[in-house]
Amino acid sequence: MELSIKGLRVLVTAGAGGIGREVARAFVAEGGKVHVCDVDAGALQKLSTSDPAISRSQADVADRAQVARLFDEALARLNGLDVLVNNAGVAGPTGRIEDIAPEDWDHCLEVNITGQFNCARLAIPHLRKSKNASIVNLSSAAGRLGFPLRTPYSASKWAVVGLTKSLAAELGPEGIRVNAIQPGVVEGERIERVFEAKAKARGTTPDVIRAELLAKVSMKTTVTPQQIADAIVFICSPRGRTISGQAISICGDTQMLS
């Protein structure tokens, strides 16, 4: 399928590993020009070797000064902007609400939702100049379902959907599409850490937590970062020109989180 996105200028947050790295690679494979940021200097250094076509900045999306510097660097490298992928996020604390430290709650929301605001507000003036403009915000299955012992994370991912729907209505008349992606149980190191934390909180094993989660997924399977990347590239292409204001689940039909 010809997606007609050669030369598309893309900024991906948290793009040095996991979902973000696969999204960046997927755009590059289709001829896009991609800049990523990440808080992990070591991961950025590895990316410079493995994927030299992807330009990079070190930045924490929760820090507005760092975000401002990121946009200066990204725009200089890309010479404009067509797509913002708000991928950066943290898992947040695991535990009952009364046991969660307020500073852990604050940090989770600062990264997962305020970080998206910080990036979107600087991206939009540049996206207005694009003929194929999109924002994609990473939410989660936890952004449409409750998630016991992961309240800060779930709350932040529900907030992402509200941000997405509101921005889609606000920016649609200017031709800017805004969508959210809601992954299910995504393969990788991050979900393994979540399994371990929940297992510790409940006094069981990570394998039990994994089995419980997948038991509530109709397809009984995890999701790969590549599947998420493919969907994002499609909706940001001209073939997705009327897809906006959507929270798109890529989750194997997850019915419940536990």
Side-chain angles (χ1 to χ4, degrees), residues 10-30 32 34-62 70 74 83-94 107-108 110-113 115-116 119 135-143 147 150 152-154 156-157 160 179-198 206 209-210 213-214 217 221-236 248-252 254 257:
V10 183
L11 173 59
V12 182
T13 65
I19 293 171
R21 183 178 58 199
E22 294 309 316
V23 170
R25 286 172 171 171
F27 275 111
V28 169
E30 295 292 335
V34 182
H35 190 91
V36 305
C37 76
D38 210 290
V39 294
D40 188 335
L44 287 167
Q45 183 59 43
K46 289 179 182 177
L47 189 72
S48 70
T49 301
S50 64
D51 298 82
I54 300 172
S55 57
R56 303 156 301 283
S57 297
Q58 186 173 5
D60 177 355
V61 299
L70 162 65
V83 174
L84 168 65
V85 180
N86 267 323
N87 171 65
V90 294
T94 298
H107 180 251
C108 185
E110 284 166 1
V111 176
N112 291 4
I113 183 62
Q116 294 196 3
C119 292
I135 298 173
V136 179
N137 299 321
L138 267 291
S139 178
S140 166
F147 202 178
R150 298 288 309 286
Y153 180 78
S154 184
S156 70
K157 293 303 185 178
V160 169
N179 291 287
I181 298 293
Q182 297 185 307
V185 184
V186 181
E187 294 176 10
E189 294 180 3
R190 182 171 168 181
I191 194 63
E192 296 301 328
R193 292 194 296 270
V194 169
F195 290 155
E196 290 171 5
K198 291 205 75 171
I209 301 297
R210 175 192 294 273
L213 275 174
L214 293 183
V217 177
T221 185
T222 55
V223 177
T224 68
Q226 291 81 8
Q227 289 171 308
I228 297 163
D230 288 345
I232 290 173
V233 171
F234 178 83
I235 64 174
C236 293
I248 301 168
S249 292
I250 303 172
C251 64
T254 299
L257 296 170

- Please lay out, stage by stage, how F147 and S140 fare under the test side chain to side chain contact (heavy atoms under 4.5 Å, CB included). CA-CA 11 Å; F147 202 178; S140 166; over 6 Å; no
Which residues pass the side chain to side chain contact (heavy atoms under 4.5 Å, CB included) test with [X], not counting sequence neighbours?
X    : answer
A197 : T94
E192 : F195, R210
S156 : C108, L109, N112
D230 : none

- Query: Please, which pairs that meet salt bridge (charged side-chain N to carboxylate O under 4.0 Å, His left out) have at least one residue in residues 14-30, sequence neighbours excluded?
  - Reply: E22-R25, R25-D51
- Query: Where do L11 and L70 land on the side chain to side chain contact (heavy atoms under 4.5 Å, CB included) test, with the steps shown first?
  - Reply: CA-CA 10 Å; L11 173 59; L70 162 65; 4.1 Å; yes
- Note on the structure: Scanning both residues in full, the closest heavy-atom pair of D38 with L44 reads O-CD1, 3.6 Å
- Item | Residue pair V12 / G20: nearest heavy atoms and the distance that separates them | CG1-O, 3.7 Å
Spatial distance of atom [atom1] ([X]) from atom [atom2] ([Y]) [nearest 0.5 Å]:
X    : Y    : atom1 : atom2 : result
I232 : I19  : CD1   : CD1   : 7.5 Å
I181 : I228 : CD1   : CD1   : 8.0 Å
D60  : Q58  : CG    : CD    : 9.5 Å

- Check: R150 main-chain N/O paired with S154 side-chain donor or acceptor under 3.5 Å: no
- Item | Under 3.5 Å: donor-acceptor pair, side chain of S139, backbone of K157 | yes
- Message: Apply side chain to side chain contact (heavy atoms under 4.5 Å, CB included) to residues C37 and V61 and explain how you reach the verdict.
- Response: CA-CA 9 Å; C37 76; V61 299; 4.3 Å; yes
- Show your working on side chain to side chain contact (heavy atoms under 4.5 Å, CB included) between C251 and Q182 and close with a plain yes or no. CA-CA 7 Å; C251 64; Q182 297 185 307; over 6 Å; no
Name each donor-acceptor pair under 3.5 Å that joins a side chain in residues 86-93 to protein atoms two or more places apart or in another chain, with its distance.
residue: N86; atom: ND2; partner: Q116; partner atom: O; Å: 3.4
residue: N86; atom: ND2; partner: N137; partner atom: OD1; Å: 3.0
residue: N87; atom: ND2; partner: T13; partner atom: O; Å: 3.1
residue: N87; atom: ND2; partner: A14; partner atom: O; Å: 3.0

